[in-house]
Amino acid sequence: MAHIVVLGSGTGGMPAAYELKDELGSEHKITVINERDYFQFVPSNPWVGVGWRKRSDITFPIEKYLTKKGIHFIAQRCDKIDADNNKLELANGETVEYDYLLITTGPKLYFEELEGSGPDANSHSVCSVTHAEAFYEDYKKILAKGSGTIVVGAAPFASCFGPAYEFAFIVDTDLRKRKLRDKVHIKFVTSEPYIGHLGLGGVGDSKGMLESEMRNHHIQWVTNAKTTKIDAGKMFVDELEDNGEVKKQHEIDFDVAMMLPAFFGVDVVAAVKGLCNPRGFVMVDDHQCNPTYRNIYSAGVCIAIPPVEATPVPTGAPKTGYMIESMVTAAVHNIHAELEGKTPSAEGSWSALCLADMGDTGAAFLAVPQLPPRNIAWFKKGKWVHLAKIAFEKYFIRKMKKGDSEPFYEKSMLKMMGVTRLK
């Protein structure tokens, strides 16, 4: 009997555990280790930030649902990965040995890379439910005052830009519903070279469409924004030319700010020699396997992938839901193949698929492959995206509680978009 350990239990780790159980049956032992004892549906955090969702709506305890499927769960922080000896050291002093390790930790939110940023300093994020709740507390002060300025955006080295756009439009929608939009200014500050770049070099007409939407919603923006410092109520931004020279310096006053941070590898993973790139992301081959440690696989936001292109302010490439789902499936199939003495052959998709809510409408994009030129560059807007995102939230949470491992994007989302082939 082999022991497969999944480190991390988010939107990649929990489905991975279920897929491993369905693929391997009871012949092998599966253990999930996660620092927190609850699952959070991260895509819904922007709704928490304006009070449209509560913590109880998008979180649930992990152990009872994994146990139902015969999967062992340990709610502890992992303090050391001893990759040479195939064991993990946990915060409570426990040691867990493994035959295969699947790392799905997600990223470290690297607030320290931007002075004054983060919920413990002068800005917020929506990268966790706790952070979104903290934004909501400050947002309620603006609602009570009836006026103010809100800054939304992404810091240098950020790679996940979709939630920033989502949040700007969600805040706009919420303020309109409250009849306060005319009293509150929204400013968008992003490290992208242009609106709609998305870390992907744009998808279809994402630039034109998102610029038009932001004009229609009276959201001012600064692109090529090298945010250098955030003080209490003031953001310092160097706006760069395409050649990297400073075009203009901004001092932006705000009442509350939500800036998506740069990502970095989590400390315990980044500390393993030969496992990660310089920013702490796990290096994997086409089969999601680390080249140095052949019994370590990884999937999701914690893996290393190169940026789509060089930009004046550094940006990274996003790992969207479909990519994560396909990486997980590939890793599971390849671990199974190795256990049966076969050569791993499954590969994840390098296609990007995203649903972005805009409050009362939404935008969806599909980039196949992620790097241009592409076979498919599809970007559409409509109320159906807003409704699909709500449906996806409810479906995914129910799926995780049920222990269903069936791929969602491959079976449902692509079909809904009328896409049958990704090659």
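All values reported here derive from a predicted model rather than from experimental measurement.
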*Asks:* Quick one: is the NZ or CZ of R53 closer than 6.0 Å to the six-membered ring centre of F41, and within 45° of its axis?
*Replies:*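 Ring-cation test returns no.
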*Asks:* Validate the cation-pi geometry between R279 and F281: distance from NZ or CZ to the six-membered ring centre under 6.0 Å, angle to the ring axis within 45°.
*Replies:*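 Judged by the rule, R279 and F281 form no cation-pi pair.
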*Asks:* Of all heavy-atom pairs between M258 and A164, which one has the smallest distance, and what is that distance?
*Replies:* CE-CA, 4.3 Å
*Asks:* Is the number of heavy atoms from other residues, nucleotides or ligands within 6.0 Å of CD (E94) greater than 12?
*Replies:* yes
*Asks:* Determine the interplanar angle of the F39 and F396 rings, folded into 0 to 90°, and report it as parallel if under 30°, tilted if 30 to 60°, perpendicular if over 60°.
*Replies:*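 Rings of F39 and F396: parallel, as their planes differ by under 30°.
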*Asks:* When the ring planes of Y65 and F60 are compared, do they come out parallel, tilted or perpendicular, using 30° and 60° as the limits?
*Replies:*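 Rings of Y65 and F60: perpendicular, as their planes differ by over 60°.
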*Asks:* If you compare all heavy atoms of M327 against all heavy atoms of G300, which two are closest, and at what distance to 0.1 Å?
*Replies:*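 For M327 versus G300, the nearest heavy atoms are SD-N, 3.3 Å.
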*Asks:* How are the rings of Y139 and F135 set to each other: parallel, tilted or perpendicular (split at 30° and 60°)?
*Replies:* parallel
*Asks:* Would you call D267 and K108 a salt bridge, taking side-chain N to carboxylate O under 4.0 Å as the test?
*Replies:* yes
*Asks:* Are F169 and H217 near enough that their ring centres are under 6.0 Å apart?
*Replies:* yes
*Asks:* Taking all non-hydrogen atoms of both residues into account, name the closest pair between A270 and G280 and its distance.
*Replies:*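 Shortest heavy-atom separation between A270 and G280 comes out as CB-CA, 3.7 Å.
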*Asks:* Are more than 12 heavy atoms from other residues, nucleotides or ligands located less than 6.0 Å from atom NZ of K226?
*Replies:*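 No - once you tally the heavy atoms of other residues, nucleotides and ligands closer than 6.0 Å, there are 12 at most.
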*Asks:* Between the side chains of D404 and R398, is the shortest nitrogen-to-carboxylate-oxygen separation below 4.0 Å, so that they form an ion pair?
*Replies:*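 Salt bridge: no.
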*Asks:* Between D138 and K141, is the closest basic N to carboxylate O distance under 4.0 Å?
*Replies:* yes
*Asks:* Looking at R294 and E338, does any basic side-chain N land under 4.0 Å from a carboxylate oxygen?
*Replies:* no
*Asks:* Please check if the number of heavy atoms outside E340 that lie under 6.0 Å from its CD is greater than 12.
*Replies:*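 Yes, because the 6.0 Å sphere around CD of E340 holds more than 12 heavy atoms from other groups.
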*Asks:* State whether the number of non-hydrogen atoms from other residues, nucleotides or ligands found under 6.0 Å of K140 atom NZ is greater than 12.
*Replies:* yes
*Asks:* Using 0.5 Å steps for rounding, measure from the NZ atom of K87 to the CD1 atom of I81.
*Replies:* 13.5 Å
*Asks:* Taking NZ in K380 as the centre, count heavy atoms belonging to other residues, nucleotides or ligands within less than 6.0 Å. Is the count above 12?
*Replies:* no
*Asks:* Step through the shown structure and confirm whether more than 12 heavy atoms of other residues, nucleotides or ligands are within 6.0 Å of NZ on K80.
*Replies:* no
*Asks:* Does K389 make a cation-pi contact with W52, if we ask for NZ or CZ under 6.0 Å from the ring centre and within 45° of the axis?
*Replies:*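 Verdict for W52: no cation-pi partner in K389.
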